[in-house]
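Okay, so here's the structure we're looking at.
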Amino acid sequence: MLLRSRLVRPLLKANVRYAAGTEGPNNAILEMLKINKEEEAQSPDKNPYKIRAFTSAIKVISELDHPIQSAIEAKALKGVGPGILRRIQDFFDTSGHTPDVLDPAAADQLKRNRVARAELEQVTGIGPVKARQLVAAGCMTIEQLKTPPYLEMLTTTQQRIGVTYFHHLGERVSRAEAETVAQFIRDAIPSKYEVIIGGSYRRGAATSSDIDLIILHPDHVHVPVPLGTPSKVSTVSATKRNGALPASLLQSEVVPALQTRGILAAAMSSGDLKWQGIVLVPEPTDDQWGERQRRLAAIESGQGVYRRMDLNLVAQKSRGAALIALTGDTEFNRDVRIRASKVGMHLNEYGLWRWNENSEENSEEEGKDDSAGFWELVRAHTEEEVLRELGMEYVEPVKRNFSLVLGKGPARMKAKGKKR
DNA sequence: GTGACTGCGCATCTCC
DNA sequence: GGAGATGCGC
DNA sequence: GTCAC
């Protein structure tokens, strides 16, 4: 135990941030795979799915808590197929690497580390990479996270807030709480805004993990067109491509109004389209909302009921597509998006898009900037329209709980032989 | 063997 | 200081 | 590149 804290300090100094890869039991193999991935990424005719495959194999191997003993063992991992097996085999052959044999004590330690990582990953903002770093530094519990030196390792505001409100965020959100917050917000912002509760609430769940709000306003009309082509829709986020736009209504009006009213306890992220953070659930008094000063004081002292909340500002035109995207569940969305891509379209939260090839002369005129066509918004205004365009009957939100139907948990399930 | 592989906002880090 | 990659969440 | 078919 004492030893640990001594070991931690140099580690912190040595800039071991992110997946720098200077730790973990399979570092050498991971470095090799990262190079392979990089080579593919540099290639003129790179295959984005191949890059993704490398990324996925790197991820699954980096989550191992013990050295890979043989190439055969790696083959059993999901995401490791013939190609990566061969690379690992070559690695063992050429590096003269002889894996250590695990003694029982070491195996036991690995198990404890695994348990610790799982615990730390319960904190919002701590994923596999950060959890591994923390456990490597000796942090085994969430309680320890709140103390030096681990607290200093939590570099993002999301992680700090995740720890601070961990106890509150473990509680489920009741339907009444979601309704209270939504109504408070409706009262706090101009009546031109429309506020819809999405997420599992809209799917009829008795309790939710957070409050998902969809906010519409007639003046918010920005519908970004997808970048790239059907085979390769760019991953450049709207954050980048929107650089020059004026601050959105979310930033200029909604968030300030809620701050003034004293229900925003902490912001994890706050952009032009999306706000994520912690809300203090207000307590209605007789026929009015309680005192703003009391809420601000409560936030100051950590009293009251706190919940995770997402605010999403959505253009009217995107209403249907956004309702689908922000209602879920994940499996339903995956299924619908796959249907779209199967008929050559693209579905995101802004709309259902069709790709139009440019005629020969058009693309010649455009030069060689490979703009061989353009995206056209097909449907997005209502959920019914979007689904019908994809040949689907309307599906009630309450019937979109595919994860429950198909199996438990967010584990990948194929959504295939379902209703057409 | 063959075709499909969800998609994206925001914060932070890296690398030039 | 700007572009791109990564981590994370949903 | 991997995976399901």
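Order of the sequence lines fixes the chain letters, A, B, ..., with proteins taken first and strands second; residue numbering starts at 1 for each chain.
Among dT6(B), dT2(D), dC10(B), the nucleotide with an atom closest to any side-chain atom of T330(A) is dT6(B). Relative to the side chain of R308(A), the nucleotides dC10(C), dT6(B), dT2(D) differ in distance, and dC10(C) lies closest. Distance from the side chain of L273(A) is smallest for dC10(B) among the nucleotides dC10(B), dG7(C), dG1(D). Among dG7(C), dT6(B), dT2(D), the nucleotide with an atom closest to any side-chain atom of I338(A) is dT6(B). Side chain of Y350(A), nearest nucleotide from dT6(B), dT12(B), dC8(B): dC8(B). For P82(A), the side-chain atoms get nearest to dT2(D) when compared with the rest of dC10(B), dT2(D), dT6(B). Among dT6(C), dG9(B), dG7(B), the nucleotide with an atom closest to any side-chain atom of K274(A) is dG9(B). Taking only side-chain atoms of P128(A), from C-beta outward, the nucleotide of dC8(C), dC5(B), dT12(B) with the closest atom is dC8(C).
When heavy atoms are screened at a 4.0 angstrom cut-off, S270(A) is found touching the sugar-phosphate backbone but no base atom. Among the heavy atoms of the strands lying under 4.0 Å from L347(A) are primed sugar atoms or P, OP1, OP2 only; no base atom is included. Across all strands, T157(A) comes closer than 4.0 Å only to sugar-phosphate atoms, never to a base (heavy-atom distances). Contacts of V60(A) with the nucleic acid, taken as non-hydrogen atoms under 4.0 Å apart, are absent. T124(A) comes within contact range of the sugar-phosphate backbone alone, with a heavy-atom separation under 4.0 Å but no base atom that close. As judged by a 4.0 angstrom heavy-atom cut-off over every strand, V80(A) is placed among residues touching the sugar-phosphate backbone only.
Scanning for salt bridge (charged side-chain N to carboxylate O under 4.0 Å, His left out) contacts around K50(A) gives E40(A), with sequence neighbours left out.
The distance between atom NZ of K50(A) and atom C1' of dG1(D), rounded to the nearest whole Å, is 6 Å. I278(A) has its CD1 atom 13 Å from the P atom of dG9(C), to the nearest Å. Here dC10(C) presents its C1' atom at 15 Å from CH2 of W275(A), a figure rounded to the nearest Å. The CG-P distance, from L311(A) to dC10(C), rounds to 14 Å in whole Å. The distance between atom CG of L33(A) and atom C1' of dT2(D), rounded to the nearest whole Å, is 13 Å. If you measure from atom CE of M309(A) to atom C1' of dC10(C), you get 15 Å, rounded to the nearest angstrom. Across the protein-nucleic acid pair, I88(A) atom CD1 and dT2(D) atom C1' stand 13 Å apart, rounded to whole Å. The CD-C1' distance, from Q122(A) to dG9(C), rounds to 16 Å in whole Å.
With no hydrogens or angles considered, no side-chain donor-acceptor pair links E119(A) and T141(A) at under 3.5 Å.
Looking at every heavy atom in both residues, L30(A) comes nearest to I58(A) through CD2-O, 3.5 Å.
A sub-4.0 Å separation between OP1 or OP2 of dT6(C) and a side-chain N or O of K37(A) is present. Between S341(A) and dC5(B), a side-chain N or O to OP1/OP2 separation shorter than 4.0 Å is present. For dA4(D), one of the phosphate oxygens OP1 or OP2 lies less than 4.0 angstrom from a side-chain nitrogen or oxygen of K78(A). Close to dC13(B), at under 4.0 Å from its OP1 or OP2, lies a side-chain N or O of T155(A). When the side-chain nitrogen and oxygen atoms of N348(A) are compared with OP1 and OP2 of dG7(B), none of them lie within a distance under 4.0 Å.
No donor-acceptor contact under 3.5 Å links the side chain of R334(A) to the base of dT6(B).
The same atom, P, is picked in dT6(B) and in dC5(D); the two are 14 Å apart, to the nearest Å. Of the C1' atoms belonging to dC8(B) and dT2(D), the separation is 23 Å, rounded to the nearest Å.
Two residues are said to be in side-chain contact when any heavy atoms from C-beta on lie closer than 4.5 Å; Y306(A) and I299(A) meet this criterion.
Between N333(A) and E349(A), the residue anchored closer to the 5' end of DNA chain B is N333(A), taking for each the nucleotide with the nearest heavy atom.
Annotation: salt bridge (Lys or Arg N to Asp or Glu O under 4.0 Å) contacts involving residues 304-327 of chain A, sequence neighbours excluded, comprise E177(A)-R307(A), E194(A)-R319(A), R308(A)-D310(A).
The pair E331(A)-R334(A) meets the salt-bridge criterion, since a charged nitrogen lies less than 4.0 angstrom from a carboxylate oxygen. Ion pairing between E383(A) and R400(A) holds under the 4.0 Å rule for side-chain N and carboxylate O.
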